[in-house]
Amino acid sequence: MHDNGRFGHHREPLRGRRPDAHPFGAPRYAARIFAINGERPSPGLSNRLIMKETILELLTAALDTLKHQGVLPADVAPSIKIDATKDKAHGDYATNLALMLAKPAGKPPRALAEALIDALPESSALSRVDIAGPGFINFFANTEAAAQVITTIFEQGDAFGRNQNGNNEQVQVEFVSANPTGPLHVGHGRGAAIGDSLSRLLEASGYAVTREFYYNDAGAQIDNLMLSVAARVKGLEPSDPAWPKDGYRGEYIKDVARAYMSGETVTAGDRATTAKGDPTDESAIRDFAVAYLRREQDLDLRAFGVEFDVYFLESALYRDHKVDETVKALVSGGHTYESDGALWLKTTDFGDDKDRVMRKREGGYTYFLPDVAYHLDKWNRGFTTVINEQGADHHSTITRVRAGLQALNAGIPQNWPDYVLHQMVLVTRSGQEVKISKRAGSYVTLRDLIDEVGRDATRYFLVARAATSQMTFDIDLARSQTNDNPVYYIQYAHARVCSVLRKAERDDRAFDSSEGLANLALLEDDREKNLMNRLAAWPELVARAAAAREPYQVAQYLQELAGEFHSCYNAVKVMVDDSATRNARLCLGVAVRQVLRNGLAILGVSAPEEM
RNA sequence: GCCCGAGUGGCUCAACUGGAUAGAGCAACGGCCUUCGAAGCCGUGGGUUGCAGGUUCGAAUCCUGCCUCGGGCGCCA
């Protein structure tokens with residue numbers, strides 16, 4: 001399937017970049033995550049459960065007791081939700097269980113909460129359990145139990161936070177997929193940052209991810225590109241009356257024309273293309289222009305830290321008769337008709353608001369058809385989960401592609417594939433909106449941003465907000481106040497831990513992890529406990545963010561973790577004389593550093609040791 | 001007109017997917033470096049979560065109807 005040359009390029013897996021299987025018990029951890037969502041925990045797997053799991057086990061036991069006593073009906077099976085509290089006065093964790101059960105039990109929530117607490121087994125992990133408000137149960141962890149997460153982090157290292165929820169399922173993430181008609185702009189950058197981070201997040205959740213880029217290298221836009229280059233070759237300007245009607249007006253077209261005329265060779269994907277230099281050979285100009293712009297995009301993405309496993313060319317669909325085959329399959333599926341000399345698909349049979357043309361009157365196909373053929377090919381390649389990350393301006397294709405796939409009667413699920421849509425990026429400079437239109441001429445490229453504000457900051461900024469929110473990218477702000485970018489705040493926390501370790505070394509008081517781990521109970525400050533609770537929430541956050549396909553949650557989490565670290569660092573001196581306390585605090589710092597590192601890796605942002 | 005997304009301090013965004021007093025960062029103001037990195041910390045001010053109803057112990061979150069903004073509704077991709 002993969003060896004017939006249909007794919008433009010296959011890349012060697014980057015062993016260094018993607019964390020592979022790890023030696024520590026991630027599958028076991030996955031079971032725990034699941035348990036938190038309401039299933040019975042598997043008892044006895046570890047004597048070092050994180051706090052939330054401990055509380056879950058205790059509550060489950062209490063529920064059983066109440067059922068036996070007849071206080072609760074035997075058939076209630078609530079999904080127990082345990083939340084980290086916002087307010088320290090509410091303890092470390094809280095549950096609304098009594099509120100949920102009040103109705104089925106026919107008892108007031110507070111009375112039920114009291115019964116639950118009475119039925120709670122003794123546990124050394126908890127120092128106190130309270131009833132609060134309308135019937136919340138608040139749990140106070142004792143320091144030593146909360147600190148166990150540090151030991152877990154030391155054991156698991158880079159693997160801490162990873163899980164096997166994906167069960168190694170093959171998932172394809174298609175993203176960027178820009179037309180090879182110009183440089184990548186900020187919108188593509190957002191797609192690249194979100195798509196790549198989402199891929200990393202899914203990998204951390206145990207999925208086998210294929211990153212794919214689809215090139216629309218056939219069709220009318222490519223003709224426009226060719227005509228534009230041909231016009232520049234002739235020395236025409238966009239202001240000339242003879243300039244092609246829908247031509248690309250950007251300056252970069254001049255570069256393409258110059259390179260073409262000087263016989264340059266460019267390498268893109270798996271093949272090299274040499275310019276013919278013949279100003280009248282449209283086919284040669286087309287091939288060269290596409291190759292040239294593919295190479296440019298590829299370099300930009302590489303500079304952005306984004307690489308793909310598969311580059312899929314639309315032209316390959318035609319070359320391999322996949323488009324024709326798809327038409328045949330659609331016709332025999334019985335949802336097509338001819339009208340006005342065109343061939344239509346009755347997409348209204350599948351929820352579209354109007355039928356769509358497949359084959360134009362003049363004989364060519366609309367873009368919609370290769371899209372269907374492409375997705376059929378994805379399905380045939382065995383991806384049961386496909387996520388298309390794209391700009392919200394393409395959302396109308398969702399209904400059409402899905403309708404087309406249904407019309408094939410190929411047994412493809414109704415809501416396949418999945419989509420993650422990001423809203424448009426509004427770019428401003430000097431308070432003015434900068435248009436992101438290739439045809440309009442001047443605009444801000446992804447390359448500009450990387451050069452001006454740096455790769456880490458650009459990636460972070462573009463991935464740190466929910467894809468559904470429209471965002472404004474203020475170039476002046478990003479460029480002039482790079483220190484205000486939150487990514488530095490996070491990186492600084494990482495560098496600070498490294499710095500303290502260096503100082504310990506310099507002072508001849510080198511970090512002794514075993515002494516530290518043996519004395520974690522000395523971490524008694526509230527801020528230290530906050531940090532430990534935050535660290536304990538990391539695996540759960542990875543699982544949740546992956547399930548929701550929201551990499552921005554990772555950015556959010558890291559910001560909070562870094563904030564709590566800075567706060568703690570400022571208040572609690574690490575390099576104290578007492579070596580047990582000192583090493584325990586260093587352990588906490590190193591654990592924070594580890595989680596920062598694991599999180600930044602998911603965002604594709606570096607974790608510098610000094611800044 | 002129909003479809004999708006969004007509306008939260010002056011600005012950019014959160015709110016663990018229905019929980020407790022709606023939180024951060026910029027911007028403003030006041031403090032903290034002869035002590036581990038001040039790219040940091042502490043504090044102050046700033047809100048009828050677009051509007052109106054509804055659902056319930058409880059709503060920024062769910063339902064209905066309006067309003068505003070962005071995107072889409074092509075035999076362009």
Side-chain angles (χ1 to χ4, degrees), chain A residues 81 83-87 89-90 94-96 99 102-103 108-109 132-136 138 177-179 181 216 218-222 224 246 314 340-344 352-354 356-368 370-371 391-399 421-424 426 461 464-474 477 481-486 488-489 491-493 495-504 506-507 537 540-541 544-545 548 552-553 556-557 559-560 562-563 565-576 582 585-586 589 610-611:
Chain A
K81 206 176 145 207
D83 291 320
T85 55
K86 289 179 207 161
D87 187 340
H90 298 146
T95 184
N96 61 354
L99 291 161
K103 196 170 272 180
F136 291 101
N138 292 336
S177 295
N179 288 351
T181 52
N216 291 111
Q221 297 309 329
I222 299 299
N224 282 336
D246 288 317
E314 180 187 7
D340 264 349
L343 182 63
W344 295 70
D352 203 353
D353 51 5
K354 58 174 99 162
R356 305 291 166 177
V357 170
M358 298 161 53
R359 195 197 308 121
K360 304 181 226 177
R361 202 175 334 174
E362 40 88 353
Y365 296 119
T366 62
Y367 70 91
F368 150 68
D371 271 4
D393 55 337
H394 287 82
H395 88 263
S396 63
T397 65
I398 297 176
T399 312
L421 300 180
H422 63 261
Q423 291 294 320
M424 304 288 88
L426 176 71
F461 191 91
R465 266 106 203 191
T468 50
S469 74
Q470 299 162 214
M471 56 183 275
T472 302
F473 199 118
D474 184 331
L477 191 73
Q481 304 188 349
T482 52
N483 285 354
D484 291 333
N485 194 306
Y488 295 104
Y489 185 76
Q491 290 180 320
Y492 182 52
R496 252 184 162 175
V497 177
C498 296
S499 170
V500 181
L501 287 172
R502 283 192 299 267
K503 168 147 182 80
R506 271 201 312 277
D507 293 354
E540 197 185 325
L541 182 117
R544 192 174 64 232
Y552 82 91
Q553 289 192 25
Q556 186 86 17
Y557 170 91
Q559 176 112 39
E560 284 160 4
F565 169 76
H566 285 307
S567 190
C568 186
Y569 178 88
N570 216 262
V572 182
K573 190 172 165 66
V574 175
M575 293 303 293
V576 293
R582 185 175 69 239
R585 287 178 182 166
L586 282 168
E610 48 192 331
M611 300 177 65

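Excluded from the calculations below are hydrogen atoms, water molecules and symmetry mates; all remaining heavy atoms, backbone and side chain alike, are included. In this text, all values refer to a predicted model and were calculated from it rather than measured experimentally. Each chain gets a letter, A, B and so on, in the order the sequences are listed, and its residues count up from 1.
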Looking at the base of [N], is there any donor atom on it, or on the side chain of [X], that sits under 3.5 Å from an acceptor on the other one?
X      : N     : result
A/H395 : B/G72 : no
A/S499 : B/G37 : yes
A/D393 : B/A77 : no
A/N96  : B/G19 : yes

Heavy-atom closest contact (A/F368 atom, A/V357 atom, distance) |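 Closest heavy-atom pair between A/F368 and A/V357: CD2-O, 3.8 Å.
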Determine the Euclidean distance between corresponding P atoms of B/U61 and B/A52; express it in Å to zero decimal places.
->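 One P to the other, the span is 13 Å.
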When rounded to the nearest Å, what value does the distance between P atoms of B/U64 and B/U17 take?
->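 My reading of the P atoms in B/U64 and B/U17 gives 22 Å.
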Would you say a side-chain N or O of A/K86 is under 4.0 Å from OP1 or OP2 of B/A20?
->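 True: A/K86 side-chain N/O within range (under 4.0 Å) of B/A20 OP1/OP2.
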According to a strict under-4.0 Å criterion, is A/K81 in side-chain N/O contact with OP1 or OP2 of B/U17?
->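 Answer yes for this pair, as a side-chain N or O of A/K81 is under 4.0 Å from OP1 or OP2.
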Kindly state whether the pair A/H90 / B/A20 counts as stacked, where counting means centroids closer than 5.5 Å and planes tilted less than 30° apart.
->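 Check passed, A/H90 stacks on base of B/A20.
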Within the stacking criterion (centroid distance below 5.5 Å, interplanar angle below 30°), does A/F136 stack on B/G19?
->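 No; centroid distance or tilt outside limits.
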Could you let me know what B/G65 is paired to, Watson-Crick or G-U wobble, both distances under 3.5 Å, or none if it's on its own?
->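 The answer is B/C51, by the H-bond criterion.
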Partner of B/C73 by Watson-Crick or G-U wobble geometry, both contacts under 3.5 Å, or none?
->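 Paired with B/G1.
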Rounded to whole angstroms, how far apart are CD on A/Q470 and C1' on B/G72?
->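 Between C1' of B/G72 and CD of A/Q470: 13 Å.
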Interatomic distance, A/L343 atom CG to A/R361 atom CZ [nearest 0.5 angstrom] =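 If we round to the nearest 0.5 Å, A/L343:CG and A/R361:CZ are 13.5 Å apart.
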